[in-house]
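To keep things clear, I will list the structure first and then write my remarks on it.
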Amino acid sequence: MKISNFDRWLELCEQQAQLIEQLSDIFPERREQHKNLSGRWRQVAEHLSHEEFQRMTNE
């Protein structure tokens, strides 16, 4: 998968993860759900990083 704005996608994934984690300050009872969801955003970034690395090595 080729993503032309790869760095921006990684940045957006991290921003989403941080935003969701900050919601725990407002809704502490949902801290575990926020942790899981922010972790998913970081998994997306990791997946994109892996795919981008594979694409670069195949060129």
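For the pair Trp9 and Leu48, the tightest heavy-atom approach, listed with the atom from each and the gap, is CB-CD1, 4.0 Å.
Partners of Glu11 under the side-chain contact (heavy atoms from CB on, under 4.5 Å) rule, at least two apart in sequence or in another chain, are Arg8, Gln15. For Glu21, the side-chain contact (heavy atoms from CB on, under 4.5 Å) test picks out Ser38, Arg42, with sequence neighbours left out.
Through side-chain heavy atoms spaced under 4.5 Å, either directly or across other Ile, Leu, Val, Met, Phe, Trp or Tyr residues, Leu37 is tied to Ile20, Trp41.
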Q | Residues Gln22, Gln18; criterion side chain to side chain donor-acceptor pair (under 3.5 Å); working and verdict | A | CA-CA 6 Å; Gln22 291 171 0; Gln18 289 177 6; 5.2 Å; no
Could you go through residues 27-35 and list every donor-acceptor pair under 3.5 Å that involves a side-chain atom there, pairing it with any protein atom two or more places apart or in another chain?
residue: His34; atom: ND1; partner: Ser24; partner atom: N; Å: 3.4
residue: His34; atom: ND1; partner: Ser24; partner atom: OG; Å: 2.8
residue: His34; atom: ND1; partner: Arg30; partner atom: O; Å: 3.3

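Here the side chains of His47 and His50 are not in contact, with every heavy-atom distance at 4.5 Å or above.
The local environment of CD in Glu46 is sparse, with at most 12 non-hydrogen atoms from other residues, nucleotides or ligands closer than 6.0 Å.
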